[in-house]
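Let me begin by presenting the structure, written as structure tokens, before commenting on it.
Atoms within each ligand, like the ligands themselves, are counted from 1 in listed order.
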Amino acid sequence: MTTTVSDVHESPAPQPFPEGWYFVASREELASGKLIHKTWLGQEIVAWSDEQGRVCMAEAYCPHLGSSLAPEVGTRICAGRLVCPFHGFEYDTSGQCVATPYAPPPRTARLKLYETRDYLGMIFGWWGLGGRPAQWQLPEAPEREDGWSDIRLNTLRFPGHPQETTENSVDLAHLRYVHGYDNVHRTARLKIDGAYLRSCFDFMGTFRLGGAITMPFDVASITHVHGLGFSQVDFEERSIGYSARLWVLSTPVDGTSIDLALATHVGNLERPKRPVLGLKFLPLPVRLKLMNRFTLWKATKYVEEDVVIWKRKRYVKRPRLNRSDGEIVAYRRYCEQFYEDRGRLDDRLLAGHG
Ligand code: FES
Ligand SMILES: [Fe+2]
């Protein structure tokens with residue numbers, strides 16, 4: 001049985017840069033005078049932090065006479081200020097030019113800034129349609145709890161789009177065919193509220209290590225999506241008995257490729273229900289660290305299975321869906337709010353054609 005989805009027929013192909021919060025760098029990467037320079041949603045940007053931990057993310061061009069502020073051109077961070085390599089103008093983390101080597105700083109010399117947010121040491125920048133300010137905020141970060149590991153990050157780059165990668169959160173059918181999970185089932189209705197989407201499902205499976213060792217897993221997961229650049233998956237693993245969080249942070253680079261940053265941390269490993277590769281004999285901090293390394297490595301392996309599909313697929317504007325794919329329709333409607341022509345879409349829905 002095949003149904004078609006009339007709303008989705010007229011949707012535009014995803015534009016390369018949906019509005020939202022996108023990962024820039026970890027606080028560690030910005031520490032101790034480091035300057036980040038990258039292409040981020042088609043823009044050349046720089047980011048750094050000062051000694052007080054204030055972060056600045058700005059367009060990577062100097063408002064004086066337009067020098068690139070890339071480190072390879074000679075830009076330096078000196079006492080928390082960015083120093084332009086062309087004439088030595090200095091900018092503090094508010095973006096203001098506060099000194100030049102040969103005259104008082106012009107008051108109008110200000111870097112073009114992006115709004116940033118620190119979420120558990122992961123720095124996000126806001127990319128607004130037409131440069132407009134943040135339309136929503138990321139959620140409050142969970143408290144740093146005792147009994148949890150540090151957060152580790154790993155980034156994959158490949159041709160892709162954040163709408164396509166985030167669609168996996170509601171595409172339960174692929175979990176069996178791409179990842180080999182068993183007994184995948186939804187545990188609550190899909191929730192959508194503005195820029196927030198929640199998808200809850202359980203699954204089971206078996207980790208295989210080198211063909212010799214197998215470990216069954218039995219997982220309850222809740223995925224919290226806050227725009228197409230931020231997904232947090234909360235896991236409760238019931239076989240060993242521990243918790244994990246996985247962040248899937250999809251960031252368009254140049255309109256063709258995305259950087260998919262994966263970040264994990266694990267907790268509640270004090271009393272594993274089953275021996276886990278001898279971890280039980282190690283002190284808790286070591287146990288957490290090793291388990292988190294394993295979790296990030298395994299998450300990367302699973303995502304690499306998706307990448308095989310993602311980097312070769314094309315966007316299907318008019319998906320031919322079966323009965324159990326209904327949430328993909330809801331997801332596609334949710335995504336419309338992040339693109340330029342949302343006004344046109346709202347009009348169409350209000351007019352009763354949606
Ligand atoms: S262009 Fe940057 S100081 Fe002149
Ligand atoms: Fe997947």
Side-chain angles (χ1 to χ4, degrees), residues 35 37 44-46 48 56 58-78 81-92 95-112 154 156 158 160-182 184 186 197 199-205 207 217 219 221-223 225 228 231-233 235 244 246-250 258 260-262 264 295-313 325 327-328 331:
L35 176 63
H37 170 251
E44 296 290 303
I45 60 107
V46 285
W48 81 97
C56 183
E59 202 175 64
Y61 292 94
C62 180
H64 177 222
L65 283 165
S67 175
S68 162
L69 299 175
E72 56 268 35
V73 183
T75 313
R76 295 172 296 123
I77 303 300
C78 209
R81 293 176 182 175
L82 176 141
V83 184
C84 177
F86 202 1
H87 312 93
F89 280 30
E90 297 181 21
Y91 298 90
D92 68 12
Q96 181 64 48
C97 178
V98 288
T100 81
Y102 48 84
R107 243 185 276 148
T108 52
R110 281 184 63 78
L111 299 174
K112 182 174 172 253
N154 188 23
L156 307 172
F158 54 90
H161 189 285
Q163 179 174 320
E164 299 275 62
T165 54
T166 308
E167 194 165 90
N168 267 24
S169 312
V170 297
D171 177 4
L172 267 52
H174 95 284
L175 296 170
R176 169 184 289 276
Y177 292 100
V178 176
H179 305 304
Y181 298 166
D182 292 324
V184 179
R186 187 159 289 292
L197 177 148
S199 177
C200 308
F201 52 89
D202 287 7
F203 56 95
M204 300 168 91
F207 289 135
F217 59 83
V219 173
S221 76
I222 303 177
T223 303
V225 177
L228 302 181
S231 294
Q232 174 181 310
V233 193
F235 293 110
L246 165 68
W247 289 273
V248 183
L249 311 173
S250 190
I258 56 173
L260 193 78
L262 302 172
T264 56
T295 301
L296 182 59
W297 174 77
K298 205 62 208 169
T300 303
K301 290 283 165 213
Y302 280 125
V303 169
E304 282 170 353
E305 294 171 347
D306 292 310
V307 173
V308 172
I309 305 280
W310 285 329
K311 71 181 188 186
R312 293 174 178 86
K313 85 189 288 286
D325 286 331
E327 293 189 336
I328 293 195
Y331 171 75

For this session: Please calculate the NE2(His179)-the Fe ion (ligand 2)-ND2(Asn168) angle and round it to 10 degrees.
Result: 150°

Seminar exercise, completed: min-distance N/O/S atom, His64 vs atom 4 (Fe) of ligand 1, resolves to ND1

Exercise. Tell me, which N, O or S atom in His87 is closest to atom 4 (Fe) of ligand 1?
Worked result: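 This turns out to be ND1.
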
Exercise. Has Asp306 got an N, O or S atom lying less than 2.8 Å from the Fe ion (ligand 2)?
Worked result: yes

Problem set entry | side chain to side chain donor-acceptor pair (under 3.5 Å) evaluation trace for Thr295 with Thr264 | CA-CA 7 Å; Thr295 301; Thr264 56; 5.9 Å; no

Exercise. What part of Ser67 sits under 4.0 Å from ligand 1 if we count only heavy atoms: the side chain, the backbone, both or neither?
Worked result: both

Exercise. Does Cys84 bring an N, O or S atom to within less than 2.8 Å of atom 2 (Fe) of ligand 1?
Worked result: yes

For [X], counting its heavy atoms only, list the atoms of ligand 1 lying under 4.0 Å from any of them.
X     : answer
Phe89 : 3 (S)
Gly66 : 1 (S)
Cys62 : 1 (S), 2 (Fe), 3 (S)

Polar side-chain atom of [X] near backbone of [Y] as donor-acceptor pair, under 3.5 Å:
X      : Y      : answer
Tyr181 : Leu175 : no
Thr223 : Ser169 : no
Ser221 : Phe201 : yes

Exercise. What protein heavy atom sits nearest atom 1 (S) of ligand 1, and how far away is it?
Worked result: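 Answer, as residue, atom name and distance: Leu65 N, 3.2 Å.
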
For this session: For side-chain contact (heavy atoms from CB on, under 4.5 Å), just list the numbers for Ser67 and Val73, CA-CA rounded to whole Å, side-chain angles, deciding distance to a tenth of an Å, and then say yes or no.
Result: CA-CA 9 Å; Ser67 175; Val73 183; 4.2 Å; yes

For this session: Could you please spell out the steps behind the side-chain contact (heavy atoms from CB on, under 4.5 Å) verdict for Val303 and Trp310?
Result: CA-CA 10 Å; Val303 169; Trp310 285 329; 3.9 Å; yes

For this session: Provide the closest heavy-atom pair for Ser250 versus Thr165 in the form atom of the first, atom of the second, distance.
Result: OG-OG1, 3.2 Å

